[in-house]
Amino acid sequence: MPLLPGGYTGQPVITTSPWFADLARRAGLDAFRDTCGSLAKNYLVETVGSGAAVFDYNGDGLLDVFFVNGSTFQILDNPGLPRTCGRLFRNNGDGTFTDVTRDSGLVNDGWGMGVAVADYDNDGHADVFITNFGTNRLFHNNGNGTFTDVTQESGLQGGNWSTGCAWGDYDGDGRLDLYVARYVDFHRTQIPAPGANGYCLYRGVPVACGPRGLPGLTDFLYHNEGGGKFREVSREAGIRGTDNAYGFSVVWCDFDNDGWPDIYVANDSTPNFLFHNNGNGTFTEIGMASGCAVSGDGRPQSSMGIAVGDYDNDGWLDLLVTNFAEDYNTLYHNVGGQFDDVTYQAGLGTASYSQLGWGTGFIDFDRDGWLDLFVANGHIYPQANQAGNHYLQNNQLFRNLRNGRFALIPDAESGFTRALSSRGAAWGDLNNDGAVEIIVNNIGQSPFYYVPARSGSNWIRLKLTGAQANRDAVGARVSVTAGGVTQTNEIRSGESYISTCDLRLHFGLGQAQIEDRLEIRWPRGSVEVHERLAVNREHSFSQPADST
């Protein structure tokens with residue numbers, strides 16, 4: 001049902017403008033194109049695309065934009081050809097961006113996949129980790145607008161084909177650890193040709209083979225040892241069985257509210273993982289037992305992206321997982337740490353069935369205090385057009401109806417009128433005006449830069465700085481009460497589809513003129529409360545130095 005001014009549901013009204021406008025060209029972001037293999041997409045690695053990140057690389061208080069970039073086998077095979085690389089765009093503060101990639105030194109010239117941004121050494125500057133088809137890269141932020149590649153000395157090289165990545169402090173020592181998902185043990189000469197067997201067909205049409213029928217790879221869990229060094233500890237920490245799956249996106253989140261961050265991994269064509277943090281440096285995989293490994297009818301799905309958010313404001317963080325076409329994106333409702341597939345009850349099943357979903361997030365775009373849902377779509381096979389589907393697909397925006405259900409907003413009203421093959425998506429308040437912008441990386445095309453075209457209701461934004469906790473306060477849980485509604489969220493570094501969003505927390509407040517109560521639960525630390533905070537502004541809080 002359409003919204004009246006202020007974000008309340010009411011009788012249908014005539015909309016005068018869409019919710020979002022794509023301003024990538026005006027902003028200067030259309031200079032980037034995500035290179036991803038050949039036009040035919042004969043190999044799976046050419047189909048999955050890349051992530052994106054929004055973060056403040058130079059400490060000026062403005063979110064900048066980084067697009068991960070892929071490559072081609074032609075480039076990899078010929079050292080004489082120019083290399084592709086990801087692109088860093090500096091936010092100029094006037095709605096435009098400037099490409100500063102070369103000057104910054106943030107040059108990832110491999111076949112890029114995912115990105116996770118956080119201050120891993122607690123020096124006050126945002127560092128960047130990038131997964132690749134090949135060697136992964138860690139870039140240390142020097143604090144002067146430049147980065148240094150410290151991959152070799154850090155021990156984070158990885159290898160073969162890494163995809164999703166995310167930072168989180170699993171043992172509470174104040175240093176951020178790193179989970180890296182990996183996909184297929186890929187060797188081009190050993191991959192069957194399109195159409196060679198049943199794993200190389202889509203609705204009878206020959207397409208790139210896999211992932212079924214191809215060997216998987218183990219995921220990595222790296223413990224931050226301090227001093228810029230990491231140690232791979234997956235086996236001793238209980239991260240096992242991952243070579244039997246094809247990992248994509250990763251997110252850290254305390255799903256059972258016990259104060260320890262768990263790890264959720266979206267796997268393609270195999271059951272998803274939920275690694276429960278035992279609080280002693282080890283994990284137990286409980287995805288099937290907790291109800292979020294497969295669909296409600298027991299089917300492994302082809303999962304791509306992950307959205308985390310308390311969409312019904314009950315204090316438990318829920319999951320939305322995007323999946324392959326001819327299936328539905330799955331909404332898992334969190335009930336005391338157990339999950340129920342409520343996709344069709346929530347009105348999300350039919351609307352996502354023909355789409356192939358990637359980047360996704362719970363975003364309160366109208367700022368009414370109830371999380372809405374964004375999904376980026378695009379098929380992996382150009383041949384989908386011959387098989388009854390579409391390679392280029394529209395992205396989707398779903399309004400939260402505040403009764404456990406969502407409604408798909410028509411393309412003309414959302415502003416998502418251009419169909420492309422979208423992949424990674426990241427969002428944040430890039431203009432520092434209280435509205436959330438969305439960045440989308442598109443295969444072979446310029447990105448989307450969705451900027452709100454309408455004003456919403458009141459809001460509050462929070463920036464937290466840890467002391468005993470990691471400096472970015474990743475893992476901190478915040479509850480905000482205003483207008484009789486209590487919202488809950490956590491700071492995460494790595495989500496959506498292999499991307500990183502604004503580490504500041506943004507809450508819509510509807511018509512509330514004051515925030516009634518703010519509760520911060522610091523990672524492995526104390527709880528502090530603030531009352532009657534002013535709305536429509538950012539509030540910064542630092543963890544007390546003696547917080548325990």
_Please verify the inter-ring angle class for Phe20 with Phe365; under 30° counts as parallel, over 60° as perpendicular, anything in between as tilted._
tilted

*In chain order, what residues pass the salt bridge (Lys or Arg N to Asp or Glu O under 4.0 Å) check against Asp149, with sequence neighbours excluded?*
Arg137

_Rounded at 0.5 Å granularity, tell me how far CG in Asp256 sits from OG in Ser290._
9.5 Å

_Hydrogens and angles aside, do Glu232 and Ser234 bring a side-chain donor and acceptor to less than 3.5 Å of each other?_
yes

*For the residue pair Tyr381 and His379, does the interplanar ring angle fall in the parallel (under 30°), tilted (30 to 60°) or perpendicular (over 60°) class?*
tilted

*Identify whether the distance between the nearest side-chain nitrogen and carboxylate oxygen of Lys41 and Glu46 falls below 4.0 Å.*
no

*Applying side-chain contact (heavy atoms from CB on, under 4.5 Å), run through Ile130 and Val68 and close with a yes or a no.*
CA-CA 8 Å; Ile130 301 171; Val68 184; 4.3 Å; yes

*asked:* Counting only heavy atoms from other residues, nucleotides and ligands, does the tally under 6.0 Å from CZ of Arg212 exceed 12?
replied: no

*Passes ring-ring contact (aromatic ring centres under 6.0 Å, His included), Tyr328 versus Tyr353? Steps please.*
CA-CA 5 Å; Tyr328 58 83; Tyr353 187 80; 8.1 Å; no

*asked:* Name the residue from Asp169, Val117, Leu503 that meets the side-chain contact (heavy atoms from CB on, under 4.5 Å) definition with Asp472.
replied: Leu503

*Without swapping roles, check the side chain of Asn400 against the backbone of Leu371 for a donor-acceptor pair under 3.5 Å.*
yes

_Parallel, tilted or perpendicular: which one describes the rings of Tyr449 and Phe97, with boundaries at 30° and 60°?_
perpendicular

*Drop me the distance from Arg423's CZ to Thr47's OG1, to the nearest 0.5 angstrom.*
6.5 Å

*Listed by chain and number, what are the ring-ring contact (aromatic ring centres under 6.0 Å, His included) partners of Phe230, not counting sequence neighbours?*
Tyr120, Trp167

*Measure the CG-CH2 distance between Asp171 and Trp260 for me, rounded to the nearest 0.5 Å.*
7.5 Å

*May I ask you to say whether Arg90 pairs ionically with Asp99, meaning some side-chain N is under 4.0 Å from a carboxylate O?*
no

*Does the pair Phe129 and Phe139 meet the rule for a side-chain contact (heavy atoms from CB on, under 4.5 Å), with working shown?*
CA-CA 6 Å; Phe129 178 78; Phe139 292 89; over 6 Å; no

*Over all heavy atoms of both residues, which pair between Ile306 and Val250 is shortest? Give the atoms and the distance, please.*
CD1-N, 4.0 Å

*Looking at side-chain heavy atoms only, is the closest gap between Val207 and Pro194 below 4.5 Å?*
no

*asked:* On a heavy-atom basis, which atom in Thr500 and which in Val115 lie closest, and how many Å separate them?
replied: OG1-O, 2.9 Å

*Quick one: do Arg87 and Arg102 satisfy side-chain contact (heavy atoms from CB on, under 4.5 Å)? Show the steps, please.*
CA-CA 9 Å; Arg87 303 277 287 276; Arg102 296 295 174 183; over 6 Å; no

*Check: Phe133 ring centroid to Phe186 ring centroid under 6.0 Å*: yes

_Beyond-backbone contact of Tyr179 with Tyr170, side-chain heavy atoms, under 4.5 angstrom_ = no

*Under 3.5 Å, is there a donor-acceptor pair between the Asn394 and Asn377 side chains?*
no

*Pick out which of Thr163, Thr131, Thr218, Asn136 makes a side-chain hydrogen bond (donor to acceptor under 3.5 Å, both in side chains) with Arg182.*
Thr218

*asked:* Any non-hydrogen side-chain atom of Val45 less than 4.5 Å from a side-chain atom of Trp111?
replied: yes

*Do Tyr311 and Asp364 have a side chain donor and acceptor closer than 3.5 Å?*
no

*How close do Pro211 and Asp268 get, heavy atom to heavy atom, and via which atoms?*
CG-OD2, 3.5 Å

*Ignoring hydrogens and geometry, is there a side-chain-to-backbone donor-acceptor pair from Asp34 to Gly444 under 3.5 Å?*
no

*Look at the aromatic rings of Tyr450 and Phe416 and report parallel, tilted or perpendicular, splitting at 30° and 60°.*
tilted

*Hey, could you give me the CG/CD distance between Asn323 and Gln301, rounded to the nearest 0.5 Å?*
4.0 Å

_Side chain proximity check, Phe89 to Phe32, heavy atoms < 4.5 angstrom_ = yes

*Which heavy-atom pair separates Leu76 from Ser71 by the least distance, and what is that distance?*
CD2-OG, 4.0 Å

*Say whether Gln396 and Gln355, considering side chains only, have a donor N or O and an acceptor N or O under 3.5 Å apart.*
no

_Looking at every heavy atom in both Cys209 and Leu44, which two are closest together, and how far apart are they?_
O-CB, 3.8 Å

_Heavy-atom check, side chain of Phe275 versus side chain of Asp262, under 4.5 Å_ = no

*Kindly say whether the aromatic ring centers of Phe374 and Phe362 come within a distance under 6.0 Å.*
no

*Any chance you could lay out the side-chain contact (heavy atoms from CB on, under 4.5 Å) test for Asn267 and Tyr246, step after step, and finish with the verdict?*
CA-CA 5 Å; Asn267 293 318; Tyr246 309 111; 5.6 Å; no

*Kindly write out the residues that satisfy side chain to side chain contact (heavy atoms under 4.5 Å, CB included) with Gln445, not counting sequence neighbours, or none if the list is empty.*
Arg418, Leu420, Asn442

*Return the minimal non-hydrogen interatomic distance between Ser496 and Gly359, and the atom names on each side.*
OG-CA, 3.3 Å

_Is there a side chain to side chain donor-acceptor pair (under 3.5 Å) between Gln386 and Tyr391? Walk through the geometry before answering._
CA-CA 10 Å; Gln386 307 166 33; Tyr391 180 60; over 6 Å; no

_Side chains of Val294 and Arg299 in contact at under 4.5 Å (non-hydrogen atoms)_ = no

*Could you label the plane-to-plane angle of the Phe248 and Tyr183 rings as parallel, tilted or perpendicular, counting under 30° as parallel and over 60° as perpendicular?*
parallel

*Between Phe273 and Tyr264, is a ring-ring contact (aromatic ring centres under 6.0 Å, His included) present by the stated rule, with each step listed?*
CA-CA 6 Å; Phe273 296 133; Tyr264 187 79; 9.2 Å; no

*Is Asp341 close to Ser295 at the side-chain level, that is, under 4.5 Å between some pair of heavy atoms?*
yes

_A side-chain contact here means heavy atoms from C-beta on lying under 4.5 Å apart; do Asp109 and Thr84 qualify?_
no

*Indicate yes or no: does Asp77 engage Arg188 in a salt bridge with an N to O separation below 4.0 Å.*
yes

_Could you check whether atom OH of Tyr199 has more than 12 heavy atoms from other residues, nucleotides or ligands sitting under 6.0 Å from it?_
no

*Between atom CZ of Arg240 and atom CG of Asp219, what is the distance when rounded to the nearest 0.5 Å?*
14.0 Å

*Rounded to the nearest 0.5 Å, what's the gap from CD1 on Ile363 to CG on Leu373? Could you check?*
8.5 Å

_Steps toward side chain to side chain donor-acceptor pair (under 3.5 Å) verdict (Thr284, Asn278)_ = CA-CA 7 Å; Thr284 301; Asn278 300 320; 3.2 Å; yes

*Side-chain donor-acceptor contact under 3.5 Å, Ser303 with Asn272*: yes

*Do other residues, nucleotides or ligands put more than 12 heavy atoms under 6.0 Å from Arg203 CZ?*
yes

